[in-house]
Trainee: 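What follows is a structure written as structure tokens; I'll ask about it next.
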Amino acid sequence: MTHPTPRYDLVSRPRRLRTTPAVRRLAAQTRVHPADLILPVFVREGLSEPAPLGSMPGVVQHSLDSLRRAAAEAAAKGLGGFMVFGVPAERDPEGSAGCDPEGILNRALRAVRAEVGDDLVVMADLCLDEFTDHGHCGVLAEDGTVDNDATLEIYGRMAVAQAEAGAHVLGPSGMMDGQVGVIRSALDEAGRHDVSVLAYSAKYSSAFYGPFREAVDSQLQGDRRTYQMDPANRREALHELQLDLDEGADMVMVKPAMSYLDILRDVAEVSPVPVSAYQISGEYAMIEAAAANGWIDRRAAVQESVLSIRRAGADTVLTYFAVELADWFRDENGLS
């Protein structure tokens, strides 16, 4: 004996907008376009060919030649930006190679600009951690703590060097108090009003930075909790945001992304300037590890993870998956 379905007039049937891929695409409220993506890259002094990173499958430390090829590929695929991190052969307590026009990062920026011109937004990481022999993001005082104000003076010189090397955008990531204002002032005094500042406004002290330490051959002993933000704090992010805006930030960032989507949402709701979020090395590595073990569908997980960052409010996303995402976008939209 069958039982009749109870009669109920459904006025709204949300499933109507999920019936086919085309309908779902039409009704999508968030999209990931290649122009929304920024590719972080590493260039290491002295390499003649790319060096794979064990903790970040598919990511390499580039030589200057392979970096140029990667930049050309990023431009051809329509990516929004190309963030360059430098790994020097020699380090010292002051991170001198970061200010040296012939240091690896500044040489790399010149090479990338020569390759892509203005077809791709060339970005430079502005921080001392890659260049210091102690691995901190600033110079140290006699008691071993990071000297905020002495570091700012170096950041100002680094900013001018990176601008002269060809960077369109500088990304100060050290979380020193006042860094955006000092960098903006140094750029303006050098006549580089055209160079933008992407402020790492809410950068948290995170356990998920681990693989990045391999990527930049970090010399860090200890941690960065005295200057990066406490993961327990939410409202503080808006305080940091306002300070960076007051100091002249052109764009702002939340880092990490996936573990801090609430912070990203808070920042995006009030920011008058574009908001970025960085899907960091550990977030990348977790997806790769789970996919390698067959526990998740890699492509679906990558796409969902970056979509979630965009949905939370990021205008742009720094992600090591950027090139693949651009390829998948073209494939899914019949642009291949």
Side-chain angles (χ1 to χ4, degrees), residues 28-43 58-59 62 67-85 105 108-109 111-126 162-163 165-173 194-203 244 249-258 261 264 267-268 271-281 283-284 302-333 335-336:
Q29 298 170 4
T30 306
R31 304 179 196 279
V32 178
H33 189 279
D36 304 327
L37 303 174
I38 298 166
L39 178 66
V41 292
F42 307 100
V43 57
V59 179
H62 284 285
L67 183 74
R68 291 182 67 137
R69 293 193 295 271
E73 179 186 39
K77 292 182 183 297
L79 297 188
F82 195 76
M83 175 70 82
V84 186
F85 295 81
L105 179 53
L109 292 170
V112 170
R113 274 301 296 274
E115 184 70 34
V116 301
D118 293 331
D119 293 339
L120 179 67
V121 179
V122 179
M123 301 175 162
D125 177 64
L126 198 166
Q162 292 178 351
H168 295 103
V169 176
L170 308 184
S173 59
D194 56 324
V195 176
S196 300
V197 176
L198 168 56
Y200 284 56
S201 296
K203 181 179 179 182
D244 285 348
D250 300 289
M251 298 175 276
V252 297
M253 185 194 295
V254 174
K255 181 180 180 181
M258 293 171 63
L261 294 177
L264 175 56
V267 169
S271 176
V273 301
V275 176
S276 292
Y278 198 145
Q279 185 181 46
I280 63 170
S281 60
E283 295 169 333
Y284 172 91
V302 169
Q303 290 179 307
E304 183 179 338
S305 70
V306 176
L307 184 69
S308 76
I309 298 168
R310 287 276 291 122
R311 189 183 64 240
D315 299 296
T316 55
V317 181
L318 288 88
T319 175
Y320 303 99
F321 295 118
V323 171
E324 284 184 288
L325 285 163
D327 287 338
W328 294 335
F329 175 85
R330 296 182 64 84
D331 176 59
E332 290 170 0
N333 289 277
L335 301 174
S336 300

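Predicted model, so just to flag it, every value in this text is computed and none were measured.
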Trainee: Using 0.5 Å steps for rounding, measure from the CG atom of L307 to the CG atom of L325.
Mentor: 10.0 Å
Trainee: Do L105 and V84 touch side chain to side chain, with heavy atoms closer than 4.5 Å?
Mentor: yes
Trainee: How would you list, by chain and number, every residue that makes a side-chain hydrogen bond (donor to acceptor under 3.5 Å, both in side chains) with S196, sequence neighbours excluded?
Mentor: none
Trainee: On the 0 to 90° scale, with breaks at 30° and 60°, tag the Y278-F85 ring pair as parallel, tilted or perpendicular.
Mentor: tilted
Trainee: Check the pair I309 / Q279 against side chain to side chain contact (heavy atoms under 4.5 Å, CB included), numbers first and verdict last.
Mentor: CA-CA 8 Å; I309 298 168; Q279 185 181 46; 4.0 Å; yes
Trainee: Using the side chain to side chain contact (heavy atoms under 4.5 Å, CB included) definition, which of the options V267, L318, I38 pairs with M253?
Mentor: L318
Trainee: Once rounded to the nearest 0.5 Å, what's the spacing between atom CG of L120 and atom NE2 of H168?
Mentor: 8.5 Å
Trainee: If you take all heavy atoms of A199 and A249, which pair is closest and at what distance?
Mentor: CB-CB, 3.8 Å
Trainee: Less than 4.5 Å apart, any side-chain heavy atom of V169 and any of M251?
Mentor: yes
Trainee: Find the distance between CZ (F82) and CE (M123) and round it off to the nearest 0.5 Å.
Mentor: 11.5 Å
Trainee: Looking at D36 and R31, what are the two nearest heavy atoms and their distance?
Mentor: OD2-O, 3.8 Å
Trainee: Do the non-hydrogen side-chain atoms of V197 and P172 ever get within less than 4.5 Å of each other?
Mentor: yes
Trainee: Going by an N to O cut-off under 4.0 Å, is there a salt bridge joining R310 and D315?
Mentor: no
Trainee: Mind listing the closest non-hydrogen atom pair of A72 and V116 along with its distance?
Mentor: N-CG1, 3.9 Å
Trainee: Verify the distance criterion only: is there a donor paired with an acceptor across the side chains of S305 and E283 at less than 3.5 Å?
Mentor: no
Trainee: Taking only residues two or more places apart in sequence or in another chain, which ones pass side-chain hydrogen bond (donor to acceptor under 3.5 Å, both in side chains) with R68?
Mentor: E115
Trainee: Check V195 against A167 and note the closest heavy-atom contact, atom names and distance.
Mentor: CG2-O, 3.8 Å
Trainee: Could you walk me through whether D250 and V273 pass the side chain to side chain contact (heavy atoms under 4.5 Å, CB included) test, one step at a time?
Mentor: CA-CA 6 Å; D250 300 289; V273 301; over 6 Å; no
Trainee: Should the pair K255 and Y200 be classed as cation-pi, given the thresholds of under 6.0 Å to the six-membered ring centre and 45° from the axis?
Mentor: no
Trainee: Restricting to non-hydrogen atoms, name the atom on T319 and the atom on P40 that form the minimum distance, rounded to 0.1 Å.
Mentor: O-CD, 3.3 Å
Trainee: Can you confirm whether L79 sits close enough to V323 that some side-chain heavy atom of one is under 4.5 Å from a side-chain heavy atom of the other?
Mentor: yes
Trainee: Does the side chain of V32 reach to within under 4.5 Å of the side chain of W328, using non-hydrogen atoms?
Mentor: no
Trainee: Compare all side-chain heavy atoms of D118 with those of R113 and state whether any distance is below 4.5 angstrom.
Mentor: yes
Trainee: Short question: side chain of N333, backbone of F329 - any donor-acceptor pair under 3.5 Å?
Mentor: yes
Trainee: How long is the gap from CZ on R330 to NZ on K77, to the nearest 0.5 Å?
Mentor: 7.5 Å
Trainee: Heavy atoms, side chains only, cut-off 4.5 Å: are L37 and V306 in contact?
Mentor: yes
Trainee: Of all the heavy-atom pairs spanning L264 and S276, show the shortest one and how long it is.
Mentor: CD1-O, 4.4 Å
Trainee: Distance check, rounded to the nearest 0.5 Å: L39 atom CG versus F321 atom CZ?
Mentor: 11.5 Å
